Amino acid sequence: MQTSKEIQIANLGFPRIGRQRELKFAQEKYWRGETSQAELKQVAKELRRTHWEWQAQAGVSLLPVGDFAFYDQVLTLSATLNAIPERHRNQDDAHVDLDTLFRVARGRAPSGKDAPAGEMTKYFNTNYHYIVPELTVDQEFSVAYEQFFEEVEEAKSLGYAAKPVLLGPVSYLFLSKAVGSDFDKLSLLPKLINTYADILARFSEQGVDWVQLEEPILALELDADWQAAISSAYEELKSSEVKVLLASYYGTIAHHQALVSALPVAGLHLDLVTAPEQLAEFAANLQPEQVLSLGVINGRNVWAADIDLIAERIAPVVNDLKGRVWISPSCSLLHSPVDLDVETELAPALKQQVSFAKQKLSELTQLHALLSAPADSAAKVAIDTIVARCVARREAREEAADQQVIDRVAALKTDDYERDSVFANRQSIQQQKFNLPLLPTTTIGSFPQTPAIRGLRSRWRKGEITQEFYNDQLRQVTRDTIERQLKLGIDVLVHGEAERNDMVEYFGEQLQGFAFTKFGWVQSYGSRCVKPPLIYGDVSRPKAMTVEWAQYAQSLTDKPVKGMLTGPVTILHWSFAREDISREAIATQIGLAIRDEVVDLQNAGIGIIQIDEPAFREGLPLKKSDWQAYLKWAVDSFKLSAAGVTDETQIHTHMCYSEFNETIAAIAAMDADVITIETSRSRMELLTAFEDFEYPNEIGPGVYDIHTPNTPTVDEMVELIEKAADKIAVRQLWVNPDCGLKTRTWDEVEPALKNLVQATKLLRRRLG
């Protein structure tokens with residue numbers, strides 16, 4: 001193909017954690033008081049240097065700066081804008097520093113005492129979390145934190161041209177919450193724009209040419225007020241001396257084409273992985289001299305790109321625009337693991353199918369070579385090699401199909417998705433069987449994964465201890481966990497999951513069609529990293545996965561012990577899933593595998609089984625008009641996993657960070673006997689969904705925020721339970737923490753659960 005050679009390689013952002021999670025470990029050492037802030041910042045500086053060097057070597061000419069964050073990039077922006085809650089501020093000093101950010105994120109006051117942490121939720125439809133900005137009706141903004149500007153100077157000192165990356169002003173307001181009173185957040189836009197103008201002016205003084213402002217809300221269906229806000233914001237910012245690249249991602253923005261194409265910005269970035277069809281319309285309406293950034297390498301998945309097919313698809317536009325094209329990932333590479341080069345244990349055939357952040361930069365380099373198409377013979381050999389590799393990868397994927405799994409899915413019938421009886425009948429049967437008290441107490445599943453447990457697992461994986469010794473030690477931990485719960489007075493117990501490394505990885509290791517990396521970590525929030533499995537083939541369950549541990553735990557007590565499973569939607573969303581079949585098809589395959597496990601648990605005497613779906617909502621398409629199709633198959637895959645049991649088996653599920661108002665009907669349609677949800681950080685605000693929707697089944701709104709080390713008091717929990725009882729009938733309510741307790745210590749967990757049980761007993765006497 002013969003196209004213009006004037007193509008610029010660009011990048012929206014790079015992972016900040018380091019290929020060995022260096023940032024995570026440095027953060028946690030600092031939080032424990034084992035290292036200084038200067039030492040933490042030095043680790044961060046070394047990571048940025050390395051990541052900038054990789055990008056420069058790949059041909060990225062404008063290096064993203066501001067994509068680095070010590071907790072999350074939205075919180076960094078809040079600090080820059082001086083939008084810090086009063087409870088986390090130094091009252092005698094307007095100064096905002098790194099410790100201020102950590103106080104907001106981790107729940108501390110300047111005095112060192114507990115203060116409610118900033119609310120945390122998912123960033124659009126990803127598994128990445130951000131701290132929700134809190135804004136008041138009289139909110140003032142000013143430039144109060146210097147990290148962005150310091151990193152621009154840092155990049156310049158290394159000889160790099162910096163492209164600062166910031167969440168755009170309208171998306172920032174959209175993601176924020178009004179506190180103190182209910183008001184229109186858009187009323188703050190003029191003041192916010194003034195501060196953005198100050199920030200852009202600072203960048204201009206530093207010699208910055210381009211700034212990337214991200215408006216991911218453009219992928220949503222915005223009402224007239226928010227559309228007008230986009231127009232007015234960029235009209236106000238057009239006088240800036242820096243050029244603005246307006247970036248949106250995670251979905252199509254074609255429904256806002258007329259709005260976006262009219263904006264006075266120097267460049268536009270499109271996500272052409274999730275929405276390749278939008279390219280033609282935006283290219284046709286590009287303003288003179290305006291740059292078009294083509295997001296063609298998937299920033300959210302790990303599979304090697306079909307570079308040859310991408311080049312064919314975009315070549316006409318590249319040729320037409322005559323040097324005004326950038327090629328880039330679809331979104332920030334934040335969602336991708338860092339470096340495939342350190343993966344020495346992946347099977348070679350599978351490794352050829354995979355691409356991490358560093359390798360995605362190389363894919364851009366290769367794509368540039370294909371599009372530039374030089375005529376000399378050496379270049380032709382290199383191009384032929386690139387194309388041959390792409391073809392070989394596609395052929396290998398086609399040969400890996402498991403026909404038995406495909407046939408089993410094809411044979412499914414409507415009855416396979418339904419329980420034997422309606423909930424009211426099941427509820428009566430289950431009440432007789434379990435005889436639980438009013439406001440039954442339980443936990444979400446996991447208990448502290450202590451250093452001793454992690455060390456034991458590490459020694460076992462290295463072959464330093466036998467399987468028999470490993471299992472014996474885990475049985476001792478499980479026994480201890482059961483005894484602690486019995487002493488606390490919990491009604492429905494869990495075995496604690498000491499044997500599990502991760503709620504998805506543990507199951508993926510026992511399912512066909514999954515593979516695992518050693519260093520494929522991605523950031524979830526703060527220092528919390530996850531290592532998603534790779535779903536590379538058709539999924540099935542060769543043998544029981546959890547039955548032995550559930551049986552052992554149940555043998556230790558007459559109280560019910562929940563069998564704990566991760567649901568099909570969450571396993572799908574928290575894995576790097578194959579792209580050659582639909583996500584619905586993958587979820588159905590996983591649903592059948594989990595169904596087999598549920599039936600085996602029931603047959604082994606486990607009467608309560610929890611199928612966790614914390615990722616249920618994050619799979620929602622960004623456009624509401626596309627929701628129904630997703631919700632249909634997401635609900636069906638859960639129902640498929642749960643419907644193989646009898647009426648007396650009680651099915652639980654757990655969800656976190658789920659704003660239920662717009663999905664409550666679908667959640668009810670899942671027909672779980674009991675659902676537990678995250679509500680404490682929002683002070684039960686999430687339960688407003690239940691005011692207008694009469695939820696039929698039982699529900700446990702979390703009353704203990706496990707994401708901070710703070711111990712909630714009895715009075716605080718009583719208040720939250722009473723708030724829940726105002727919206728949901730008491731006899732439907734359970735009492736539980738927000739989420740699993742894996743990341744906490746026993747010194748934190750036991751006092752909190754003791755208070756939880758005491759609060760419940762007080763309310764039983766008051767409400768019973």
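Fair warning: this is a prediction, and the values are worked out from it, not measured in the lab. For the numbers below, each heavy atom of this structure counts, side chains included, while hydrogens, waters and symmetry mates do not.
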Applying side-chain contact (heavy atoms from CB on, under 4.5 Å), run through I594 and F638 and close with a yes or a no. CA-CA 9 Å; I594 299 301; F638 177 86; over 6 Å; no
Any chance you could lay out the side-chain contact (heavy atoms from CB on, under 4.5 Å) test for Q610 and V494, step after step, and finish with the verdict? CA-CA 10 Å; Q610 182 169 307; V494 297; 5.9 Å; no
Check against side-chain contact (heavy atoms from CB on, under 4.5 Å), V522 and Y128: CA-CA 9 Å; V522 292; Y128 178 75; over 6 Å; no
Chi angles and distances behind the salt bridge (charged side-chain N to carboxylate O under 4.0 Å, His left out) call for R461, E509: CA-CA 13 Å; R461 287 189 178 277; E509 287 177 334; 3.0 Å; yes
Show your working on side-chain contact (heavy atoms from CB on, under 4.5 Å) between Y525 and I131 and close with a plain yes or no. CA-CA 9 Å; Y525 63 87; I131 301 296; over 6 Å; no
Evaluate side-chain hydrogen bond (donor to acceptor under 3.5 Å, both in side chains) for D480 paired with Q476, printing each intermediate quantity in order. CA-CA 6 Å; D480 175 68; Q476 291 185 39; over 6 Å; no
Taking it one step at a time, do T676 and N736 satisfy side-chain hydrogen bond (donor to acceptor under 3.5 Å, both in side chains)? CA-CA 8 Å; T676 52; N736 47 262; 4.9 Å; no
Audit row: N425, R419, side-chain hydrogen bond (donor to acceptor under 3.5 Å, both in side chains) steps and yes/no: CA-CA 11 Å; N425 293 347; R419 297 287 296 271; over 6 Å; no
Walk me through it: do E579 and N301 pass the test side-chain hydrogen bond (donor to acceptor under 3.5 Å, both in side chains)? CA-CA 9 Å; E579 298 173 332; N301 213 335; 3.2 Å; yes
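Using modelled atom types, no side-chain atom of E716 and backbone atom of Y704 make a donor-acceptor pair closer than 3.5 Å. Of the possible donor and acceptor atoms, one in the side chain of R744 sits under 3.5 Å from a partner among the backbone N and O of I706. In this structure a side-chain-to-backbone donor-acceptor pair under 3.5 Å is missing from E119 to V132. W627 places a side-chain N or O within 3.5 Å of a backbone atom of P621 that can act as its donor or acceptor partner. Not one N or O on the side chain of R21 forms a donor-acceptor pair closer than 3.5 Å with the backbone of F519. Panel note: side chain Q732, backbone Y695; a donor-acceptor pair is recorded below 3.5 Å. Formation of a donor-acceptor pair under 3.5 Å by the K559 side chain with backbone atoms of I490 is found in this model. Here the side chain of R426 pairs no donor or acceptor atom with the backbone of Q650 at under 3.5 angstrom. Q602 places no side-chain N or O within 3.5 Å of a backbone atom of V598 that could act as its donor or acceptor partner. At distances below 3.5 Å, at least one donor-acceptor pair connects side-chain atoms of T760 with backbone N or O atoms of L756.
Residues L439 and V735 share a closest heavy-atom pair of CB-CG2, 4.0 Å. Nearest heavy atom pair, residue I482 against residue H495, reads CD1-CA, 4.3 Å. For R300 against N125, the heavy-atom pair with the smallest separation is NH2-O, 2.8 Å. Residues N710 and P712 come closest through the heavy atom pair O-CD, 3.5 Å. Of all the heavy atoms in R583 and A577, the pair that sits closest is NH1-CB, 4.0 Å. Closest heavy-atom contact between T570 and A615: OG1-N, 3.1 Å.
Taken to the nearest 0.5 Å, the OG atom of S428 stands 10.5 Å off from the CG atom of D647. Interatomic distance, CG of L733 versus CG of L438, reported as 8.5 Å (0.5 Å rounding). The distance from the CD atom of Q628 to the CG atom of L620 is 10.5 Å, given to the nearest 0.5 Å. Separation of atoms CD1 (I453) and CD (Q473) is listed at 10.5 Å; rounding is to 0.5 Å. How far OG1 of T711 is from CD of E750: 11.5 Å, rounded to the nearest 0.5 Å. Between the OG1 atom in T713 and the CG atom in N755 there is a gap of 7.0 Å [rounded to 0.5 Å].
Among residues at least two apart or in separate chains, salt bridge (charged side-chain N to carboxylate O under 4.0 Å, His left out) pairs with a member in residues 517-544 are E345-K518, E505-K531, D538-R578, R541-E597, R541-D600. Here ring pair (Phe, Tyr, Trp, His ring centres under 6.0 Å) pairs that include residues 433-480, with residues two or more places apart or in two chains, are F447-W746, W460-Y470.
The side-chain heavy atoms of R500 and M564, taken from C-beta on, include a pair separated by under 4.5 Å. Proximity of I699 to K727: side-chain heavy atoms (C-beta onward) are nowhere separated by under 4.5 Å. Side-chain contact check for N697 versus M670: every heavy-atom pair is 4.5 Å or farther apart. The shortest side-chain heavy-atom distance between P448 and V749 falls under the 4.5 Å cut-off. Y552 is not listed as a side-chain neighbour of N471, based on a closest heavy-atom distance of 4.5 Å or more. You'll find the side chain of F423 reaches within 4.5 Å of the side chain of D673, heavy atoms only. Proximity of M655 to R617: side-chain heavy atoms (C-beta onward) are nowhere separated by under 4.5 Å. At least one side-chain heavy atom of M545 sits less than 4.5 Å from a side-chain heavy atom of L511.
Annotation: D407, atom CG; neighbour count of heavy atoms from other residues, nucleotides and ligands within 6.0 Å is above 12. Within 6.0 Å of CD on E468 lie no more than 12 heavy atoms contributed by other residues, nucleotides or ligands. No more than 12 heavy atoms of other residues, nucleotides or ligands sit less than 6.0 Å from atom CD of Q404. No more than 12 heavy-atom neighbours from other residues, nucleotides or ligands sit within 6.0 angstrom of NZ on K754.
Residues D612 and T566 bring no donor and acceptor atom of their side chains to less than 3.5 Å of each other.
Scanning for salt bridge (Lys or Arg N to Asp or Glu O under 4.0 Å) contacts around E28 gives K24, with sequence neighbours left out.
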